[in-house]
Amino acid sequence: MTAPILNVSGLQVFYGDVAVVRGVDFHVPQGGVTVLLGANGAGKTTVLRAISGLARRYGAIYFDGRAIEHALPHSIARLGIAHVPDDRGTFLELDVDENLRLGAIARRDTAEVQADFDFAFELFPRLRERRSQQAGTLSGGEQQMLAIARALMLRPRLLLLDEPSFGLAPMIVEEIYEILQRIRVLREIGILLVEQNAEVALDIAEHVFLLETGRVVLAGPPHLMRDDPRVQEAYLGCK
């Protein structure tokens with residue numbers, strides 16, 4: 001088994017005095033894909049925000065063996081954790097090139113930054129065609145591609161993705177997930193994926209954790225999760 005790049009243990013997250021994540025444990029292998037499944041309000045997005053330092057949290061979060069549960073968001077990003085939020089986080093008034101350059105703003109390795117530009121455009125040829133186009137005029141699928149490409153400009157070792165399929169046509173979802181597989185293999189990036197689209201998530205996953213009301217209620221490899229009646233009925237449309 002590949003060693004985890006991320007280990008989370010006993011994670012609790014509060015909004016005010018309300019605990020919305022309650023004692024969650026999971027891991028992401030180096031170069032592997034872990035999926036958090038669950039309905040709206042289960043706490044999936046909150047888990048990603050906690051890892052990025054954007055929510056008040058308690059428990060243990062280790063990234064590459066280093067405790068980060070008390071680290072600030074900018075420090076966490078510099079360690080190599082890139083977060084693509086559910087609203088994509090693109091700067092709509094800026095063009096594609098400018099968005100990508102913002103993704104690399106903390107880097108000083110100019111030659112490698114240019115290489116990562118080339119890599120992003122190799123992965124997403126549509127972005128190359130639209131590199132001088134304002135991000136707000138891109139289609140939803142293109143904006144999602146831009147959000148992922150901008151995260152890659154950080155040259156991360158762990159990619160946090162929040163509902164990358166939301167609102168997109170099935171053909172675009174398939175394209176994006178194929179690209180995520182390429183990224184994982186070519187760069188050995190760990191991926192922590194939040195999804196409600198269980199079909200596509202289970203196809204890419206190596207480990208799956210099902211959240212309900214802030215707790216992990218089921219965990220296992222994707223083939224076992226597919227066979228579980230709770231997953232079949234609630235997430236795969238089986239009866």
Would you give the length of the straight line joining atom CG of Leu127 to atom CD of Gln143, rounded to the nearest 0.5 angstrom?
10.5 Å
So the ring pair (Phe, Tyr, Trp, His ring centres under 6.0 Å) pairs with at least one residue in residues 57-107 (sequence neighbours excluded) are Phe14-Tyr58
Ignoring hydrogens and angles, tell me if any N or O in the side chain of Arg184 forms a donor-acceptor pair with the backbone of Gly31 under 3.5 Å.
yes
Between Leu100 and Arg150, is any pair of side-chain heavy atoms under 4.5 Å apart?
yes
Would you tell me whether Asn99 and Thr90 have side-chain atoms, one donor and one acceptor, within less than 3.5 Å of each other?
no
Give a yes or no answer on whether the side chain of Arg157 reaches the backbone of Arg187 with a donor-acceptor pair at less than 3.5 Å.
no
Looking at every non-hydrogen atom in both residues, tell me the closest pair between Pro73 and Leu54 and how far apart they are.
CG-CD2, 3.8 Å
Determine whether Glu142 and Leu146 satisfy the following criterion, side-chain contact (heavy atoms from CB on, under 4.5 Å), listing intermediate values before the conclusion.
CA-CA 6 Å; Glu142 291 164 350; Leu146 177 57; over 6 Å; no
So Leu48 and Val194, side-chain contact (heavy atoms from CB on, under 4.5 Å) or not? Walk me through it.
CA-CA 8 Å; Leu48 297 191; Val194 158; 3.7 Å; yes
Would a 4.5 Å heavy-atom cut-off, applied to side chains only, mark Arg107 and Asp116 as touching?
yes
Determine whether Glu212 and Arg230 satisfy the following criterion, side-chain contact (heavy atoms from CB on, under 4.5 Å), listing intermediate values before the conclusion.
CA-CA 12 Å; Glu212 291 181 2; Arg230 288 170 289 181; 5.7 Å; no
Considering only heavy atoms from C-beta outward, does the side chain of Leu211 approach that of Val47 to under 4.5 Å?
yes
Please round to the nearest 0.5 Å and tell me the distance separating atom CG of Leu218 and atom CE of Met225.
4.0 Å
Under 4.5 Å between side-chain heavy atoms, hopping through other hydrophobics if needed: is there a path connecting Met145 to Leu102?
no
Using a strict 4.0 Å threshold on nitrogen-to-oxygen distance, state whether Asp203 and Arg226 make a salt bridge.
yes
For a quick test of reading the model, state the closest non-hydrogen atom pair linking Ala205 to Val35 and the distance between them.
CB-CG2, 3.5 Å
Separation between CD1 of Ile183 and CG of Leu159, rounded to the nearest 0.5 Å:
6.5 Å
Are any non-hydrogen side-chain atoms of Glu122 and Asp118 less than 4.5 angstrom apart?
no
Would a distance-only check, ignoring hydrogens and angles, find a side-chain to backbone donor-acceptor pair under 3.5 Å from Arg57 to Leu11?
no
Measure the spacing between CZ of Phe124 and CZ of Arg130 and express it to the nearest 0.5 Å.
13.5 Å
Any heavy-atom pair between the side chains of Leu161 and Leu180 that's under 4.5 Å?
yes
Treating Glu174 as the side-chain partner and Met171 as the backbone partner, does any N or O pair qualify as donor plus acceptor under 3.5 Å?
no
Under a 4.5 Å cut-off applied to non-hydrogen side-chain atoms, are Arg101 and Phe117 in contact?
yes
Distance (rounded to the nearest 0.5 Å) between Ile5 CD1 and Thr34 OG1
12.0 Å
What I'd like to find out is whether the side chain of Leu6 reaches to under 4.5 Å of the side chain of Phe26, using heavy atoms alone.
yes
Look up atom CG in Leu37 and atom CG in Asn197, then write down how far apart they are to the nearest 0.5 Å.
9.5 Å
When every non-hydrogen atom of Asn7 is compared with those of His27, the smallest separation belongs to OD1-CB, 3.4 Å
Should the heavy atoms of other residues, nucleotides or ligands under 6.0 Å from CD of Glu188 be counted, would the total exceed 12?
no
Could you check whether atom CZ of Phe166 has more than 12 heavy atoms from other residues, nucleotides or ligands sitting under 6.0 Å from it?
no
For a side-chain contact (heavy atoms from CB on, under 4.5 Å) check, start with the C-alpha distance between Gln144 and Val84, then their side-chain angles and the critical distance, and finish with the verdict.
CA-CA 9 Å; Gln144 186 65 66; Val84 180; 3.7 Å; yes
Heavy-atom check, side chain of Glu195 versus side chain of Glu163, under 4.5 Å:
yes
Ignoring hydrogens and geometry, is there a side-chain-to-backbone donor-acceptor pair from Lys44 to Ala39 under 3.5 Å?
yes
